[in-house]
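Below, all heavy atoms of this structure are taken into account, side chains as well, without hydrogens, waters or symmetry copies.
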Amino acid sequence: MKIRPLFTICMLLSATIYVPSAAAESGLFCHGMQDEQPQDRAQLAEITAKSYFFDYRYPDDWNENPKLENGHLQQGRSYLIAGDRLVVGPEQRGYRCGYYINGKGIQTANWIKADTLRVLSDVTPADWRGVWTSNDSHRQLKITSRQAVYQFIGGGRDPSRIGTIFPFTVPANQQDALLIAPQPTDAPCELKLHRLGEYLIITNGESCGLINANPDGVLRKR
C-alpha cells in the first residue's frame, strides 16, 4: 500500500473542547463536475492498476461561462497501487471521487479514473468497536461496547476540536448504526453510520445544529 507526495460537546453536549487546528474537509467531496457527492451512494472499491489522483481545473473563462463541464482534469503526483482500497462516489465522465486513508490515518481525496478500479460487494465490515480515524486524526471516532466518543475539527476563523460522547450498543444491522445524543440537548444530534469494509461514513451532521462545524466524514478503522 503506497501513496506518493502529493463530541466532549461532553456527555449531554454540555461541554465543548477547543484546540486550535486547521479546518478539516467534510464527507465525500471532490471539487469540480458535480461538487456534491451523494454519500448514500458511496461504494467500496479496489485499485486494479497504478492509478493517479486528478485535480479538477476550472475553465479560464469561468466568470463569462461558469459551467463545470467546461473544466478539465489534470493528473497529480499522488497515486495508489493495485490492491489499495478506497471509498468512491458515482462515476462522472469516466472518473470517480475517491477517498483513500492510509495506515497512518492520512487522507487523500480527489478524482480517480473509473477504469482503474473495481467496485467491491459483500465485503465483511470491520468490527464496530475500536478507533476509526481520518486525515491524521482530524476526525476520530472511538467505539466501545457502551459508548462512542467522536472528535473532529470545526471550521470558521478559529477552528476548534469538538468532541461528543454518545451512548452505543452494538447494532444487529451489520452495516448501519445511529449515534443519538442523550436528552435533553440543544439539538437532537443524530449521526448516521454506514460501514463499507474497513471504512466508515458519517452523515446527517446537520441534525447537530453546529455552526461552522460539520461532523460528516469518511473514516477508516485503525
Side-chain angles (χ1 to χ4, degrees), residues 1-6 24-34 36-56 73 75-143 148 150 152 170-171 173-177 191-203 205 215-222:
M1 183 181 296
K2 297 181 180 178
I3 184 165
R4 300 300 184 192
L6 236 171
E25 66 289 320
S26 59
L28 195 61
F29 180 89
C30 292
H31 291 286
M33 294 197 274
Q34 285 186 6
E36 297 299 326
Q37 293 286 304
Q39 297 182 79
D40 59 351
R41 293 173 57 194
Q43 296 174 290
L44 182 67
E46 182 178 83
I47 297 297
T48 57
K50 181 178 178 180
S51 186
Y52 283 88
F53 283 97
F54 285 75
D55 299 315
Y56 184 84
L73 287 150
Q75 181 176 301
R77 292 183 295 175
S78 301
Y79 64 85
L80 300 177
I81 62 172
D84 286 342
R85 305 208 306 189
L86 70 165
V87 171
V88 296
E91 182 174 340
Q92 298 182 52
R93 290 167 52 185
Y95 293 83
R96 286 177 179 260
C97 176
Y99 266 63
Y100 173 74
I101 303 173
N102 68 15
K104 296 181 179 180
I106 299 173
Q107 175 176 287
T108 301
N110 224 328
W111 298 99
I112 201 158
K113 287 186 176 180
D115 61 4
T116 63
L117 55 84
R118 65 185 181 92
V119 174
L120 303 175
S121 59
D122 299 323
V123 177
T124 302
D127 189 355
W128 286 107
R129 292 163 293 190
V131 178
W132 303 79
T133 187
S134 75
N135 205 25
D136 200 18
S137 296
H138 284 179
R139 296 177 185 274
Q140 179 174 289
L141 176 66
K142 184 176 181 179
I143 299 177
Y150 188 33
F152 61 96
V170 176
N173 187 309
Q174 290 296 305
Q175 287 191 302
D176 301 288
L191 299 180
K192 297 180 180 180
L193 310 184
H194 180 64
R195 289 186 298 179
L196 291 171
E198 65 274 31
Y199 284 88
L200 180 71
I201 299 177
I202 300 178
T203 57
D216 292 357
V218 180
L219 297 83
R220 185 171 181 168
K221 188 70 174 291
R222 181 181 293 174

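- Ser51 is not listed as a side-chain neighbour of Leu117, based on a closest heavy-atom distance of 4.5 Å or more.
- Between Ile112 and Ile47, the closest side-chain pair of non-hydrogen atoms falls below 4.5 Å.
- Residues satisfying the side chain to side chain contact (heavy atoms under 4.5 Å, CB included) test with Ala126, not counting sequence neighbours, are Trp132, Lys221.
- Within the 4.5 Å cutoff, the side chain of Phe152 has no heavy atoms near those of the Leu141 side chain.
- For Tyr199, there are no ring pair (Phe, Tyr, Trp, His ring centres under 6.0 Å) partners two or more places apart in sequence or in a different chain.
- Contact annotation: the side chain of Leu196 never approaches that of Val123 to less than 4.5 Å [non-hydrogen atoms, C-beta and beyond].
- The salt bridge (Lys or Arg N to Asp or Glu O under 4.0 Å) pairs that include a residue from residues 191-201 are Arg85-Glu198, Glu198-Arg220, where partners are two or more places apart or lie in different chains.
- Residues forming a side chain to side chain donor-acceptor pair (under 3.5 Å) with Gln43 (at least two apart in sequence, or on another chain): Arg96.
- Taking the side chain to side chain contact (heavy atoms under 4.5 Å, CB included) definition, one finds that Lys50 meets it with Tyr52, Tyr79, sequence neighbours left out.
- Ile143 and Ala148 get closest at one heavy-atom pair: CG1-CB, 4.0 Å.
- Within the structure, the salt bridge (Lys or Arg N to Asp or Glu O under 4.0 Å) test picks out the following pairs touching residues 118-128 (sequence neighbours left out): Glu46-Arg118, Asp127-Arg129.
- Between the side chain of Tyr150 and the backbone N or O of Leu191, no donor-acceptor pair lies under 3.5 Å.
- In this structure, Asp115 has no side chain to side chain donor-acceptor pair (under 3.5 Å) partners at least two apart in sequence or on a different chain.
- Remark: Asp55 pairs with Arg57 by the salt bridge (Lys or Arg N to Asp or Glu O under 4.0 Å) rule, at least two apart or across chains.
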